[in-house]
Amino acid sequence: MIRLEEVTPENWRYDLKVAESQKSYVSDSMRLLARAYAYRNYNSVALVIYNDDTPVGMALYYDIPGAYDFSQLFVDRNYQHRGYGEEAARQIIAGMKAEHRYGKILLCYIEGNEAALSLYKKLGFTHTGESDGDEIVMELDI
């Protein structure tokens with residue numbers, strides 16, 4: 001069963017890594033944690049994704065003006081293609097809805113990352129028509 005826990009002094013050191021073929025699209029755990037720290041004044045929430053008691057991935061979101069920024073999501077290379085990322089994303093989105101500070105979620109994916117695009121479309125995200133360099137912006141009204 002997939003569950004989420006906020007990153008703590010006890011769980012931040014997990015050696016979670018993306019597949020070699022994904023490194024140009026997705027940050028590893030240390031960069032995710034660095035970004036969480038950098039956005040600490042924007043209510044950043046860094047999460048460890050567990051399957052039962054096994055850490056399988058991480059995620060990060062924070063506030064931006066008028067929306068949540070679902071900044072990062074990754075599943076370790078040893079646990080991919082099992083639906084863990086989708087279930088974790090659904091739980092994160094449900095938490096944002098319950099919190100209800102904003103009415104939408106924004107995220108970006110790097111052009112060419114078809115796995116991310118497929119997942120985000122499945123979750124209901126749509127393109128905004130905007131981009132930030134090679135990152136394409138999507139949004140979800142909640």
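As a basis for the values below, the full set of heavy atoms in this structure was taken, side chains included, without hydrogen atoms, waters or symmetry mates.
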*Please collect all ring pair (Phe, Tyr, Trp, His ring centres under 6.0 Å) contacts where either partner lies in residues 85-119, sequence neighbours excluded, each pair once.*
Y68-Y102, Y109-H127
*Output all residues satisfying side-chain hydrogen bond (donor to acceptor under 3.5 Å, both in side chains) with N41, sequence neighbours left out; order by chain, then residue number.*
none
*asked:* Between Y79 and I49, is there a side-chain heavy-atom distance shorter than 4.5 Å?
replied: no
*Hey, what do you get for CG (L119) to CG (L73), rounding to the nearest 0.5 Å?*
6.5 Å
_If the condition is salt bridge (Lys or Arg N to Asp or Glu O under 4.0 Å), which residues does E20 pass it with, not counting sequence neighbours?_
K23
*Distance in Å, D134 CG paired with N113 CG, rounded so as to fall on 0.5 Å steps*: 10.5 Å
*asked:* Please evaluate residues S27 and R35 with respect to the criterion side chain to side chain contact (heavy atoms under 4.5 Å, CB included), reporting the C-alpha separation (whole Å), side-chain torsions for both, the decisive distance (0.1 Å), and the verdict.
replied: CA-CA 10 Å; S27 294; R35 181 172 251 171; 5.7 Å; no
*Please walk me through it: do I105 and M96 pass side chain to side chain contact (heavy atoms under 4.5 Å, CB included)?*
CA-CA 8 Å; I105 303 167; M96 291 175 186; 3.4 Å; yes
*Could you give the distance from CD (E130) to SG (C108), rounded to the nearest 0.5 Å?*
9.0 Å
*May I have the step-by-step check of side chain to side chain contact (heavy atoms under 4.5 Å, CB included) for V56 and Q80, ending in yes or no?*
CA-CA 9 Å; V56 299; Q80 294 183 353; over 6 Å; no
*CD/Q22 to CG/D28 distance, rounded to the nearest 0.5 angstrom?*
12.0 Å
*Go through the steps to decide whether L123 and L140 satisfy the test side chain to side chain contact (heavy atoms under 4.5 Å, CB included), and finish with yes or no.*
CA-CA 8 Å; L123 294 169; L140 175 68; 5.6 Å; no
*Could you tell me whether R3 and E5 make a salt bridge, using a distance below 4.0 angstrom between a side-chain N and a carboxylate O?*
yes
*May I ask you to check whether over 12 heavy atoms, not counting those of R40, lie within 6.0 Å of atom CZ?*
yes
*Hey, could you give me the OG1/CG distance between T126 and D141, rounded to the nearest 0.5 Å?*
7.0 Å
*Using atom types as modelled and distance alone, determine if a side-chain donor or acceptor of S44 lies under 3.5 Å from a backbone N or O of A36.*
yes
*Can you name the residues that form a salt bridge (Lys or Arg N to Asp or Glu O under 4.0 Å) with E135, not counting sequence neighbours?*
none
*Flag the pair D15 and K17 as a salt bridge only when some basic side-chain nitrogen lies within less than 4.0 angstrom of an acidic carboxylate oxygen.*
yes
*Verify, without hydrogens or angle tests, whether Q91 (side chain) and I2 (backbone) share a donor-acceptor contact under 3.5 angstrom.*
yes
*Would you mind listing the cluster partners of Y14? Hydrophobic ones only (ILVMFWY), side-chain contacts under 4.5 Å, chaining allowed.*
V7, W12, L16, V18, Y25, V26, M30, L32, L33, Y39, Y42, V48, Y50, M58, L60, Y62, I64, F74, L106, I110, V137
*Drop me the distance from E99's CD to I142's CD1, to the nearest 0.5 angstrom.*
8.5 Å
_Qualifying salt bridge (charged side-chain N to carboxylate O under 4.0 Å, His left out) pairs, either residue in residues 61-88, two or more places apart_ = D63-R101, E86-R90, E86-K122
